[in-house]
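All chains are named by letter (A, B, ...) in the order of the sequence lines, taking the proteins before the strands, and each is independently numbered beginning at 1.
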Amino acid sequence: MSQYEVTFAGFGGQGIMTAGQLLAYAGIEEGKQVAWIPSYGPEMRGGTAYCTVVISDHRIGSPIISNPRCACVFNRPSFDKFTPRIKPGGLVIINSSLINVTTDRTDIDRILIPANDIAIKAGNPKAANVAVLGAFVAATRIVKLETVKQVIKEKMARKKSMLEMNYRVLEEGRKLAMDSLKGRKVKV
Amino acid sequence: MSQYEVTFAGFGGQGIMTAGQLLAYAGIEEGKQVAWIPSYGPEMRGGTAYCTVVISDHRIGSPIISNPRCACVFNRPSFDKFTPRIKPGGLVIINSSLINVTTDRTDIDRILIPANDIAIKAGNPKAANVAVLGAFVAATRIVKLETVKQVIKEKMARKKSMLEMNYRVLEEGRKLAMDSLKGRKVKV
Amino acid sequence: MAVDNKTVFDRPVALRDVVTHYCPGCTHGVIHRIVSEVLDELGLRERTCGVAPVGCSVLCYNYYNCDFMEAPHGRAPALATGFKRMRPDMIVFTYQGDGDLASIGMGEIVHAANRGEKFTTIFVNNAIYGMTGGQMAPTTLQGQVTTTCPVGRDTSMTGQPIRMAELLSALATPAYIERVAVHHPKYILQAKKAIRKAFRLQRDNKCYTLIEVLSTCPTNWGNTPGEATEWLDDNMMKYFPLGCYKDFQEDDSGS
Amino acid sequence: MAVDNKTVFDRPVALRDVVTHYCPGCTHGVIHRIVSEVLDELGLRERTCGVAPVGCSVLCYNYYNCDFMEAPHGRAPALATGFKRMRPDMIVFTYQGDGDLASIGMGEIVHAANRGEKFTTIFVNNAIYGMTGGQMAPTTLQGQVTTTCPVGRDTSMTGQPIRMAELLSALATPAYIERVAVHHPKYILQAKKAIRKAFRLQRDNKCYTLIEVLSTCPTNWGNTPGEATEWLDDNMMKYFPLGCYKDFQEDDSGS
Amino acid sequence: MAKVLMKGNEAIAEAALRAGAEGYFCYPITPQTEVAEYLSKRMPEVGGVFLQGESELAVANMLFGAASTGKRIFTTSSSPGISLMQEAISYMAGAELPAVIINIMRGGPGLGGILPAQSDYFQAVKGGGHGDYRVLVLAPSTVQEAVDLTMLSFHLADKYRNPVMLIGDGMIGQMMEAVEFPDDYQEPELPSSSEWAATGAEGREARIIKSLFLDPTGLEDNSWKLDRKYRQMIKEEVRSEKYKISKTNKVLIVAYGTMARICQTAIDELEEEGISVGLFRPISLFPFPEQEIFKEATKANIKSVLTIEMSTGQMVEDVQKVVQGKKPVEFYGRTGGIVPTPDEVKEQVRGIVSKKKTSGKSRKKT
Amino acid sequence: MAKVLMKGNEAIAEAALRAGAEGYFCYPITPQTEVAEYLSKRMPEVGGVFLQGESELAVANMLFGAASTGKRIFTTSSSPGISLMQEAISYMAGAELPAVIINIMRGGPGLGGILPAQSDYFQAVKGGGHGDYRVLVLAPSTVQEAVDLTMLSFHLADKYRNPVMLIGDGMIGQMMEAVEFPDDYQEPELPSSSEWAATGAEGREARIIKSLFLDPTGLEDNSWKLDRKYRQMIKEEVRSEKYKISKTNKVLIVAYGTMARICQTAIDELEEEGISVGLFRPISLFPFPEQEIFKEATKANIKSVLTIEMSTGQMVEDVQKVVQGKKPVEFYGRTGGIVPTPDEVKEQVRGIVSKKKTSGKSRKKT
Amino acid sequence: MPGITIDKDHCKGCELCVQACPQRILAMSKDITVRGYYYAQLADPSRCIGCRICALVCPDVAIEVNTHGLMFELFDY
Amino acid sequence: MPGITIDKDHCKGCELCVQACPQRILAMSKDITVRGYYYAQLADPSRCIGCRICALVCPDVAIEVNTHGLMFELFDY
Ligand SMILES: Cc1ncc(C[n+]2csc(CCOP(=O)(O)OP(=O)(O)O)c2C)c(N)n1
Ligand SMILES: Cc1ncc(C[n+]2csc(CCOP(=O)(O)OP(=O)(O)O)c2C)c(N)n1
Ligand code: SF4
Ligand code: SF4
Ligand code: SF4
Ligand code: SF4
Ligand code: SF4
Ligand code: SF4
Ligand SMILES: [Mg+2]
Ligand SMILES: [Mg+2]
């Protein structure tokens, strides 16, 4: 890999920004160049929020990514908006708890993660983002799952019970991704 | 004459600006090009006020006149400031009511007019400027005295008694200037 | 009995049928509606020009169905002045937040009020900068947490919250100034009464009119709409008492 | 008996021995002197920074013998705020005319007063724009003729004259605000008392302090200094009553 | 109409009335306060609006509101006051509102002084506010021209629905010259402002006057739409005057406003000395007479282009850009309220002609 | 220090603290409000002053007062807010006060939008206020560079006793990248501010901090004194970066800030296509790297100079001036918050190389 | 019979109407709208008295109230 | 003996002191200063009570007052 780009998108409040930041932190931990770019969109409430993370081995030029390699979409409007933009050969991760459609693109991989259900089951409805992150890391191996765990510990969940819950959700995401891809790693 | 410049200078309140404007109006009446430039000096009170009038047969270029042909000085600071600037061959008109010195420049003509005394005698201490104007016009004939009279009537003194007083002062200035120059006209 | 039924509550004509960008529970929407109802009821919509502020209500021109200008932050009263002076036959109102009116726009509102400009100001006081994400406003209460006073407003460093209705009422020029609220039905009805009176006074060319409306910002207060209603009741209502601060008298000479 | 004689009235150290540019009889000069006397008497000159306005007193930095900043028109309170926040150990005062403070600088003075900035404002109200040649100020009296209201101020078009001491006193933040005059010896003595109190409160880090001083402008009022004194007595004193509008109480919590 | 002697400021005020200005908003500042004083009398006479606002900031925003009615409105101020108007000017340009803003410049930066200067060229011409916008800038050099250009300003503001700025200096504002007002002033017809102004939504869709476009595509479209107007200005509104330009010129002087008049006198006097100099005087500063200057400057007989400003050098950058290194561009400037005399100009020209002057900025020799 | 992931706005805030800023005055505005939010926590921790003023106008004047104490102070804002500061900036320049002003630009004119833009170039570089003055302008293109240039800004402000402006855009402010703060920050020594600041007249003559000079000679002297400082900046403070500049380049791109990064990606990708393009990135916008650009642009291998901005074209005028017609200067711009993609840049370059592109401004093909 | 109509597409799920209804007959939906909100529903239409309180407090003008023509003017304004 | 000194160069002839002096012993000069002002003069020095009123009202600090050391503090401030 020389450079990888992933967009996280959903409603405000779905932890979109945090998911991207955790990934970016993990990239730094592993000595990579990273850029995290939010939509700080119209000074208005509601609507779709998204962020893009660029992880690279070299200096990052354009932080503006029109066609990321991967999109993790948390709700229907995000699915509609970002799936078509994914680079051929890329990956879409769909929050199947809220999105009941799937893409007919055959030039990209797809993973369905019932992220909200996983999170609710684990006891924290807000952890849906972590489930998707688990799936993303498992599928792409852009960073190590271990690194992500460490970052979650440092930046997010200092309380032990919280930490364990997050780890459980992360693991669930990872497992579902692996199942979905049947062990094969997505091209990066 | 192709172009003539005269500076009127004195304390604020001595009618300096008005004297210049009367002359400028007379110039227009006679079909000449004119420019009247005030000192609108520092936004502060007191000090010396002055204006310069340029009268010309053609389009007036620079309205900034460092060396006028004539200066009419109403008080001592103005005398000190402007007499040295007069063009060789020019003229200084000195308000001898307030200025008890005279110039040693031999390359200019000089006329002494006790303007305040004339004005007080005529019954309006504020008419000193008109006395000097009378002297200036008589000496230089840049415009006709008749034109100045007409302008005074139109712009300044519609009341009959005032008008007559002004005419008397104007005449007095003229007479003194003629006496002083012994009938000879200043070169213009 | 469907024949006997009629619609007794419906969207006013002066309010377009669009979904606003306001957060759930934000009372900007209630204020929009009652202003629109008043415009309808007084038949003013077609000769009204509103002035939108910079703040969460910057887009209110998309919601009101009348002519509108969108002003620089805080300057709506100056725009309204310029407009109304040229067109005294029209109805002009500014719609401004507390950051807009009481902070950056202090000079303009004081002078417009003092000149007695014949327009109406709807002043939406939610004790915070909504649009930019919850910074301290001049109306933020003592101890209230915002993103620029993260440990709560310290009035020994930043002064007391400004009570605009009271401050503007201290001017000698005649005006009608009242403070209302919209977080309970009864306050909503009072608010509408006040707003109607303001537009009536403007229509009759009487005086400057300003209605300060206490409003919620659940998003930046960090609570649910329901909790926001309570917070307003328990906190803002104490520091910003409702009532008429300055009333226009026919024989008012402004002393 | 020359040996027994001593100088009982002399130029204060804080006032340079230069001739000012003020017009004959302009009471700016009296105000300068008493402020300087207070600086001397309280021993503050060497740790004071003044802020000059834009107005006839723009050059006052040439007259006071202490550090000075010359502010953009109306913004002296903002400069004073910036300065004093960085150097709370110093004494800061703004010296502002009515055009400067009550017109263009309304926003800055209200906010500085409301934040309770610990500086002192000497507000020179002469009901006119002196420096620019006599235009209407927000404090110009009803019917008063100026170059921009040539038939006299029409308050139905321009509003009532603004009483700044009263307006600022309507703010909740603690402050000391008094209106004084300097056109008669007895007022001069009262004015000095008030100014001294203001600087003392500032020195003790208590509160914002503002002294509004009624002042004459014979030049632009179009009368002699003596007549100006009378005009002030007969007109300004009625509309702008002298007195303390807001006093600082040790236990003041700002309500 | 017969010629009358008038102060520049008053002539501007009267010209605005004759061009149909119905509203004037102002704040006093030397050296232009006479405009306000004049109009405080005249506006009520003609049934127009005169309002002294609380500040230039407020005044600029009053203009914004007043312009939205579709009536002709204007303001006058001077340098620091104009700085305070920049946000509102940017808004008006963004919202496509016609407004006339007159800057009778004084010495800066900061409070500076009140004497004539030309140091607000950049602010006027490049845009002192934020964002991609331009104002059309005109610079008169006589009181008569101040009258003519003031009247033209209102027309151009309406034609382009864009702020137009007229920049003069204290000399133009304070000087009295004879002026003549056209007896029956006519302008080319324009679409009525009722097509776009906020006049009440009676019988039509409600109108919104705004510069906000949250959707970037909308904002970009607006920017390029404005840009097209500026290109149209460049095509249609370039104005300039040539003085004694001829094949014998050794030096081409570029100067505007008051400075150009002074150069005229210098050129007349140099002619008597046998030194032939031509003057190119931009009347429109934006649009800048690029092609015209290039054409004159690159003529074979021209040895050097001399730009003279009452500033430390602002327009000279545009002259340099235009001349493209094809001829040396010299600069002479005085600032702070000092107006160069014809003698100084002559000295500069003589220096160039005798090769004594080196390229670059220079000031009065001391 | 180890690398940390930081938002541009927060990194700028932290950098200012590390450069010794003791006072920060602000007014909220997107997209830079995080600076204020960050410092509302951090300033009290380090014993500095944090104050949210009532407006940008007041804030700029608070800066003026705070700068007069001789301590390091700064503010941050965005386009419309910066317009409101122009009068005070002109005053500070005139009074020779050091201050750091950071503009995280958004789309204009007017209220415009809040997305990244570079349309305040003119305002920053030519001076949006009145009078003859300049601010030193720096433009970072990464978060790390924002940190480094913020720290440098304080030094340069003190060195020249002049306002320094750092201009970024919403991208720089909102993006998170890894940054490193120098462990022991050292700067070249400067004369102490106690030589000029208002610190009380104890044991010395009273000091006056002012921009007013009623005597025109004094004002002119001040202007030329300032002018000398600006010349010194031109000599000593030009900063730029070259990227893949080589003898094989067909096209030289000139771009700054965020736009320059995007061009880098385009250049990398064009290289793979076999099209060699070099990038010249001005870091200091005033002083503008005139000689450096001239040198690169006029090399024989360069066919065309392509200036790309997130605006309808502002810096391009300076590039044109510099290149002096020796090479065609093309322009490509997007505006309103739209950031051109590397693909758009590539398309422009391909157009030039294949001679399809004609000179002049162009926008996204539709 | 008095009754209300809630425009689901306008509703943002703020629950202010639910809290305000004196009859306590409003409730939130189980599913979400396209915009992602749970919306208000009239749970027990038969008990609606057409008092308009829900409509008055609704910031999104999502509620229309129909009632009998001769309804007592509860709010005198 | 109480007495005052008027600095002619500072005086601008405003006459405020003349009007304020309780003893009516100040008067304006017949000649003007370089600045063009008639200036105030102590017409009858013997009657000066050293009350300082003239100095208090003088806007130009042109008046210095000397008086007996044990002078009664007329103005308590
Ligand atoms: C000159 C300027 N400064 C700052 C901003 C940024 N800004 C936008 S809205 C706002 C505050 C809005 O708060 P308020 O007026 O209380 O309205 P609310 O959003 O709370 O309804 C600010 C500071 C701006 N757009 N323009
Ligand atoms: C921004 C700006 N606007 C206007 C002016 C012009 N100006 C100078 S002084 C002044 C008014 C002064 O009046 P006031 O504050 O009452 O002081 P006074 O001269 O009466 O003492 C004005 C408008 C200026 N210098 N700067
Ligand atoms: S941020 Fe606050 S004021 Fe703005 S729309 Fe949301 S709730 Fe309303
Ligand atoms: S103009 Fe008025 S305020 Fe100014 S110095 Fe003269 S008298 Fe005093
Ligand atoms: S109209 Fe009254 S009773 Fe019926 S739903 Fe609404 S609030 Fe409840
Ligand atoms: S009040 Fe309106 S928006 Fe809120 S839940 Fe009820 S219907 Fe929906
Ligand atoms: S000290 Fe008193 S008595 Fe003596 S001159 Fe002065 S005012 Fe008159
Ligand atoms: S009060 Fe002062 S300035 Fe006035 S006349 Fe007396 S001495 Fe002279
Ligand atoms: Mg608010
Ligand atoms: Mg005044």
Side-chain angles (χ1 to χ4, degrees), chain C residues 13-16 21 39 43-55 58-92 94 104-115 117 119 131, chain E residues 21-25 27 43 48-73 75 84-92 94-95 97 99 129-130 193 196-215:
Chain C
V13 176
L15 196 68
R16 287 173 209 268
H21 69 288
L39 291 179
L44 301 175
R45 184 187 74 82
E46 295 185 328
R47 57 180 176 113
T48 293
C49 184
V51 191
V54 178
V58 67
L59 292 172
C60 71
Y61 52 70
N62 286 334
Y63 310 141
Y64 288 104
N65 189 7
C66 62
D67 281 4
F68 242 90
M69 304 186 276
E70 187 270 307
H73 191 31
R75 317 306 171 191
L79 270 79
T81 297
F83 192 99
K84 183 85 190 200
R85 291 265 172 164
M86 299 305 291
R87 287 295 305 267
D89 54 320
M90 281 185 68
I91 300 294
V92 178
T94 67
I104 192 169
M106 178 63 83
E108 285 73 20
I109 197 70
V110 169
H111 280 285
N114 192 69
R115 280 191 307 265
E117 299 295 343
F119 65 83
M131 186 189 232
Chain E
E22 292 183 72
Y24 172 74
F25 300 84
Y27 189 77
M43 267 297 185
V49 172
F50 169 89
L51 187 63
Q52 180 179 321
E54 63 269 31
S55 69
E56 292 88 349
L57 182 53
V59 160
N61 284 290
M62 289 173 183
L63 273 199
F64 186 161
S68 300
T69 65
K71 302 196 180 193
R72 288 196 162 170
I73 47 79
T75 189
L84 289 171
M85 298 186 178
Q86 295 304 325
E87 190 200 23
I89 293 174
S90 171
Y91 268 76
M92 285 190 278
L97 290 175
H130 60 286
S193 66
W196 56 263
T199 52
E202 193 174 345
R204 61 156 170 79
E205 283 289 287
R207 285 186 188 146
I208 301 161
I209 296 189
K210 64 169 175 109
S211 62
L212 172 66
F213 297 86
L214 276 183
D215 164 28

**Complete:** Looking only at C/His111, C/Arg87, C/Arg16, C/His73, most heavy-atom pairs under 4.5 Å shared with chain E are made by C/His111
**Asked** E/Gly200, E/Ser68, E/Ala60: which one forms the most heavy-atom pairs within less than 4.5 Å of chain C?
**Response** E/Gly200
**Asked** Considering only heavy atoms, which portion of C/Arg47 lies under 4.5 Å from any heavy atom of chain E: side chain, backbone, both, or neither?
**Response** backbone
**Item:** Heavy-atom proximity to chain E below 4.5 Å, by part of C/Cys49
**Value:** side chain
**Request:** Go through the atoms of C/Ala71 and report whether side chain, backbone, both or neither lie under 4.5 Å from a heavy atom of chain E.
**Result:** backbone
**Message:** Heavy-atom pairs under 4.5 Å with chain C - which of E/Ile209, E/Leu212, E/Thr199, E/Asn61 has more of them than the others?
**Reply:** E/Asn61
**Item:** Minimal non-hydrogen separation, C/Val54 against C/Glu70, with atom names
**Value:** CG2-OE2, 3.9 Å
**Asked** Is a side-chain N or O of C/Arg75 found less than 3.5 angstrom from the main chain of E/Ala58, in a donor-acceptor match?
**Response** no
**Request:** State plainly whether the residues E/Arg72 and E/Glu22 are in salt-bridge range, i.e. N to O under 4.0 Å.
**Result:** no
**Fill in**
Okay, E/Ser90 and chain C: the region with an atom under 4.5 Å from a heavy atom over there is neither
**Request:** Could you tell me whether C/Glu117 and C/Arg85 have a side-chain N and a carboxylate O separated by less than 4.0 Å?
**Result:** yes
**Asked** Any Lys/Arg nitrogen of C/Asp67 or E/Arg204 sitting under 4.0 Å from an Asp/Glu carboxylate oxygen of the other?
**Response** yes
**For chain C, the option from E/Gly48, E/Ser55, E/Gly65, E/Gly53 that forms the most heavy-atom pairs under 4.5 Å** = E/Gly65
**Interchain contact, C/Met69 with chain E, by part (heavy-atom threshold 4.5 Å)** = both
**Fill in**
So, the part of E/Leu63 with a heavy atom under 4.5 Å from chain C: the answer is neither
**Asked** Hey, which of E/Gly203, E/Gly23, E/Ala198 has the most heavy atom pairs under 4.5 Å with chain C?
**Response** E/Ala198
**Prompt:** Between E/Thr69, E/Val49, E/Val59, which has the largest tally of heavy atom pairs under 4.5 Å with chain C?
**Reply:** E/Thr69
**Item:** Over all atoms of both residues, closest heavy-atom pair of E/Thr75 and E/Phe25
**Value:** OG1-O, 2.5 Å
**Prompt:** Nearest heavy-atom pair of E/Ala21 and E/Met43: which atoms, and what distance?
**Reply:** O-CE, 3.7 Å
**Prompt:** How are the rings of E/Phe64 and E/Tyr91 set relative to one another: parallel (under 30°), tilted (30 to 60°) or perpendicular (over 60°)?
**Reply:** tilted
